[in-house]
Amino acid sequence: MERVIVAMQDPDMGVKMRNQRLLITVIPHAMTGNDVIEWLIQKYNITEEEARHLGGLLVQYGYIYPLRDPRSLLLRSDDSPYRFQTPYFWTSSRWPASELDYAIYLAKKNIRKQGELVDYEKENYSILHKRINHTWDFVVMQAREQLRASKQRRKADRIVLECQEQAYWLINKPCPGAFDVLDLGPERCNVLSSRVALIEHSRRALGRNRVKSSICLESFMKYSEQYLHHDPIMSGCLPSNPWISDDTAHWTINTDMVGTPTRLRVERWSFSFMELLNDSMGRREFMIYLEKEFSAENLCFWVACEDLRHGESSKIILKVEEVYKNFLAPGAARWVNIDSKTMERTLEGIKRPHRFIMDDAQMHIYFLMKKDSYPRYLKSELYKNMLAKAIVPQETKKSVFPFMRRQRHSSPSPAMVTQATEDDGKAKGAGPTGTSSTTNSQI
Amino acid sequence: IGSHNFKEICFFERNKSCKIYSLSFFFLLPASALTTGIYMIFSTNPEMATQEVQPNETLTNLKAESDTLKTKLEDERAKLHDVELHQVAEKVDGLGQFIMKTRRTLKGHGNKVLCMDWCKDKRRIVSSSQDGKVIVWDAFTTNKEHAVTMPCTWVMACAYAPSGCAVACGGLDNKCSVYPLSLDKNENLAAKKKSVAMHTNYLSACSFTNSDMQILTSSGDGTCALWDVESGQLLQSFHGHTADVLCLDLAPSETGNTFVSGGCDKKANVWDMRSGQCIQSFETHESDINSVRYYPSGDAFASGSDDATCRLYDLRADREVAIYSKESIIFGASSVDFSLSGRLLFGGYNDYTINVWDVLKGTRVSILFGHENRVSTLRLSPDGTAFCTGSWDHTLRIWA
């Protein structure tokens, strides 16, 4: 902010300053709200809305203060006069506003014009009166002295100094309930640096394999292009974006186990192996395909390993035993074909089972499926049929009466859905059905 | 050593060629003054005589060595940097006008909203605020479904479990607690609370990993940690940041084993969840990193910082590849997220606005007004149809 303020005060390129009228007094070196906004628009090449917002923040943080209506820290885009706050009072100087200074300020106001203090100021005044009662004579004396000194100033200077001080206190002792500019959230402390760890890390990093920027950046282009039509914010979504139209059809036709999936969804399975596996319907279809190819044990193994990795700590030993029995033991019902080295390592590791013991084997099978079964699945009749019968929903026509809002129906909470299926004795995978119901269930 | 009045950090350095170990102590006194403690050099080889080295000498050597390595690393990184992102992006079409509006305003928090997360059902969210309230909403209908009052203020972190059956939250209580979501109206959610994580300073962020069983946390104590929910056991801890860690994000990769964190030390670190090692580190920001988020492909991540910029870091090129900044943006970015295709980057800022950036071209596409105080949190919905922002103005907004 200070960078902006300094630029604004530049004698050549800064905001146009001139004498402004405030009722009958002429204030030197002031500017209009309009001038500030114009300058911001010019300098930063932004719209009027943004300039008004930015200028408004400069006032809220006390770097510019209003001369007319000094209690309201707003930037008006008209000929209201404003001035730059003196650096002495800048928010960043952050020296704590002392109680004594505040008391003197309030006392001055009180003496100058009875009833000029507003409610919260009156309250603060009486609280301070109680708290620093022992120095109250000093407070009143100081206040009187300062008032006398200011009476000897020119009216224009007096007004300026009063407004300056007022703006400072409006920010440091804001009205309760008003926005407190100085509120920055919990303190962030700093811990000491460890040079040695840094050295170790840098040494390791030097040995890293890096890829040329041109190749990496090219991949961003490709990714964005590939997913362009799948990005609802970029390309809209069919039949309509539920948040805009209040119609949840888009969610209904994309539920986990819907009868016929949408075309976009099936297309997405061809983008990467991970996309296929992450979609529960895609995974189910892939499983059907693998069963035809008699290699379904690979996917089952992968699923079991995922369950091991992400499951409860207490079940690890049990799960490792299960995996061994079903997939790795010689003569196992669903024996998976892993290379001998990995198999040896895994079997050795099973003696001391932990969460990540199947990682190597799991990766081997994952890449096997990715390089072999997955591309063949995409070329298969099964996938092609899926794509052919996939639906492309019609775009919902905009309502004739744009002001009629649809009723927004609630949906069953995932917590409830999972509870229900658990009662059936079967654990459901992640992801609720999310179908909308017409009853507004009050939960 | 080990007294609760001060912390000590000690580390070993091994000089491989002559098997000399140096052991250094730094004492942090309560008044935050720093004194270097005793330096001792001792050897495992009984034939070598023990030497005493002046503390200043060792410290200067260490500094010189780490600085040299840092420069070397920058040179290595620069060697393969043959083109800038906006150059590659020249052939891509520019984006037209973007009209995004607030579609829902969620009112109900009595104080600053600090964090929010989406449920996998694409419409429910959990949000937490300064006064200790954690609320679960159906953002589509704007109905509140659950509310919990935490025993602490400044609940800076909250997360929705993948199953949709629980939420995790924490803040100034230094803990991360998991609340199972019960649908029985008479049940007091707070009663079922389970304390999972324990840090020695405030909890800044938390996230479930692929299941309800594990939680990843980051804290003001400078560490991140992985916890087992069931037992509350610490599975792995991640040391390397030299100041408060403020944010983290899990990688959407095939092998699903890494995450990135950002902190007050201006560093963004990428970690291996299995080993606890920091595998990559980036330090180009000029101030605290408030938010980190992976690019949808997992090959890069974006960061938002108090230095008023957002940046993009490519993991394979191992460098920063873009800076999103504008002279008129002078307030810090508190929270960032990508659109589904990764083409747009949404940034919530401390000047109450949201700036929308074209990730490829590096230009700002749009600025969104609406909040009346800082935007503290921003997340895209799971299906990319909208994003949600939470603000110090006590409200949450859904934009689409």
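Side chains included, hydrogens not; waters and symmetry mates left out as well; all remaining heavy atoms used.
The candidate from B:Gly342, B:Gly240, B:Ala386, B:Ala161 with the greatest count of non-hydrogen atom pairs under 4.5 Å with chain A is B:Ala386. No other option in B:Gly384, B:Ala300, B:Ser341 has as many heavy-atom pairs under 4.5 Å with chain A as B:Ser341. Ranked by non-hydrogen atom pairs under 4.5 Å with chain A, the options B:Gln233, B:Lys112, B:Gln130 are led by B:Lys112. Of the listed residues B:Ser204, B:Pro296, B:Pro180, B:Ser231, the one with more heavy-atom pairs under 4.5 angstrom with chain A than any other is B:Pro296. Annotation: maximal heavy-atom pairing with chain A below 4.5 Å, among B:Leu246, B:Asp75, B:Leu315, B:Thr153, occurs at B:Leu246. Note on B:Asp299, B:Val229, B:Asp288: by heavy-atom pairs under 4.5 Å with chain A, the leading option is B:Asp288. Interface check for chain B: of the options A:His230, A:His53, A:Met234, the most heavy-atom pairs under 4.5 Å are formed by A:His53. Between chain B and the residues A:Lys212, A:Gln362, A:Glu306, A:Met1, the most heavy-atom pairs under 4.5 angstrom are made by A:Lys212.
Side-chain atoms of A:Ile233 and B:Leu340, non-hydrogen and from C-beta on, never get closer than 4.5 Å to each other. B:Thr353 is not listed as a side-chain neighbour of A:Glu50, based on a closest heavy-atom distance of 4.5 Å or more. Considering only heavy atoms from C-beta on, B:Ile330 comes within 4.5 Å of A:Leu54 through its side chain. At least one side-chain heavy atom of B:Leu360 sits less than 4.5 Å from a side-chain heavy atom of A:Ser224. A:Arg203 has its side chain out of reach of B:Leu73: every pair of non-hydrogen atoms, C-beta onward, lies at least 4.5 Å apart. Residues B:Asn257 and A:Asp359 are in side-chain contact: their nearest non-hydrogen atoms beyond the backbone lie under 4.5 Å apart. Between A:Arg210 and B:Arg316, every side-chain heavy-atom pair lies at or beyond the 4.5 Å cut-off. Residues B:Phe331 and A:Leu57 have side chains in contact (heavy-atom distance under 4.5 Å, counting atoms from C-beta outward).
Using a 4.5 Å cut-off between heavy atoms, B:Tyr160 does not touch chain A at all. With a 4.5 Å cut-off on non-hydrogen atoms, B:Leu85 touches chain A through its backbone and its side chain both. With a 4.5 angstrom heavy-atom cutoff, B:Gln277 touches chain A only via side-chain atoms. Both the backbone and the side chain of B:Ala139 come within less than 4.5 Å of a heavy atom of chain A. At a 4.5 Å heavy-atom cutoff, the contact between B:Arg77 and chain A is made by backbone and side-chain atoms alike. Of the two parts of B:Asp138, only the side chain, counted from C-beta on, holds a non-hydrogen atom closer than 4.5 Å to a non-hydrogen atom of chain A. Contact of B:Lys101 with chain A is not made at all, since no heavy-atom distance falls under 4.5 Å. For chain A, the nearby part of B:Val92 is the side chain; its heavy atoms alone come within less than 4.5 Å.
By the 4.0 Å N-to-carboxylate-O rule, A:Arg188 lies too far from B:Asp244 to be salt-bridged with it.
Looking at B:Thr142 and A:Arg408, their side chains never bring a donor and an acceptor atom within 3.5 Å of each other. In this structure, a donor-acceptor pair under 3.5 Å is absent between the side chains of A:Asn241 and B:Thr385. Between the side chains of B:Ser339 and A:Asp231, at least one donor-acceptor pair of N or O atoms lies under 3.5 Å.
Shown here for A:His310 and B:Thr209, the closest heavy-atom pair between the two residues is ND1-OG1, 4.3 Å. Annotation for B:Asp228 and A:Arg355: closest pair OD1-NH2, 3.9 Å, computed over non-hydrogen atoms. Nearest approach of A:Ser413 to B:Glu145, heavy atoms of both residues: CB-OE1, 4.2 Å. Across B:Pro252 and A:Met274, no two heavy atoms sit closer than the pair O-CE, 2.8 Å.
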Evaluate B:Arg124 against A:Ser411 for side-chain hydrogen bond (donor to acceptor under 3.5 Å, both in side chains), listing each step before the verdict. CA-CA 10 Å; B:Arg124 281 175 172 78; A:Ser411 69; 3.0 Å; yes

Could you please spell out the steps behind the side-chain contact (heavy atoms from CB on, under 4.5 Å) verdict for B:Leu235 and A:Ser313? CA-CA 9 Å; B:Leu235 297 174; A:Ser313 287; 4.1 Å; yes

Could you go through B:Glu230 and A:Ser314, starting from their C-alpha distance and side-chain angles, then the distance that decides it, and tell me whether this counts as side-chain hydrogen bond (donor to acceptor under 3.5 Å, both in side chains)? CA-CA 8 Å; B:Glu230 205 188 18; A:Ser314 56; 2.9 Å; yes

Evaluate side-chain contact (heavy atoms from CB on, under 4.5 Å) for A:Tyr223 paired with B:Tyr295, printing each intermediate quantity in order. CA-CA 10 Å; A:Tyr223 191 93; B:Tyr295 185 80; 3.7 Å; yes

Between B:Asp82 and A:Ser214, is a side-chain hydrogen bond (donor to acceptor under 3.5 Å, both in side chains) present by the stated rule, with each step listed? CA-CA 6 Å; B:Asp82 50 347; A:Ser214 46; 2.7 Å; yes

Could you give me the CA-CA distance, side-chain angles and deciding distance for A:Val211 and B:Leu80, then say whether side-chain contact (heavy atoms from CB on, under 4.5 Å) is met? CA-CA 7 Å; A:Val211 181; B:Leu80 289 170; over 6 Å; no

Can you list the steps and then say if A:Trp251 with B:Asp383 is a side-chain hydrogen bond (donor to acceptor under 3.5 Å, both in side chains)? CA-CA 9 Å; A:Trp251 288 331; B:Asp383 63 353; 2.9 Å; yes

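Rounding to the nearest 0.5 Å places CE of B:Met273 at 7.0 Å from CZ of A:Phe356. In this structure, OG on B:Ser297 lies 8.5 Å from OH on A:Tyr227, to the nearest 0.5 angstrom.
The environment of CG in A:Asn278 is crowded: more than 12 heavy-atom neighbours from other residues, nucleotides or ligands sit within 6.0 Å. Within a 6.0 Å radius of NZ in B:Lys70, no more than 12 heavy atoms belonging to other residues, nucleotides or ligands are found. Remark: B:Gln87 CD is packed, more than 12 non-hydrogen atoms of other residues, nucleotides or ligands lying under 6.0 Å away.
Side chain of B:Gln214 to main chain of A:Arg309: a donor-acceptor pair is present (N/O by atom type, distance under 3.5 Å, no hydrogens or angles).
Applying the salt bridge (charged side-chain N to carboxylate O under 4.0 Å, His left out) test to every pair with at least one member in residues 217-228 of chain A, sequence neighbours left out, gives these pairs: A:Glu218-B:Lys91.
The only option from B:Arg103, B:Arg123, B:Arg104 that meets the salt bridge (Lys or Arg N to Asp or Glu O under 4.0 Å) definition with A:Asp246 turns out to be B:Arg104.
Note: A:His409 and B:Phe140 fail the aromatic proximity criterion, with ring centroids not under 6.0 Å apart.
Taking the side chain to side chain donor-acceptor pair (under 3.5 Å) definition, one finds that A:Asp279 meets it with A:Arg265, A:Trp269, sequence neighbours left out.
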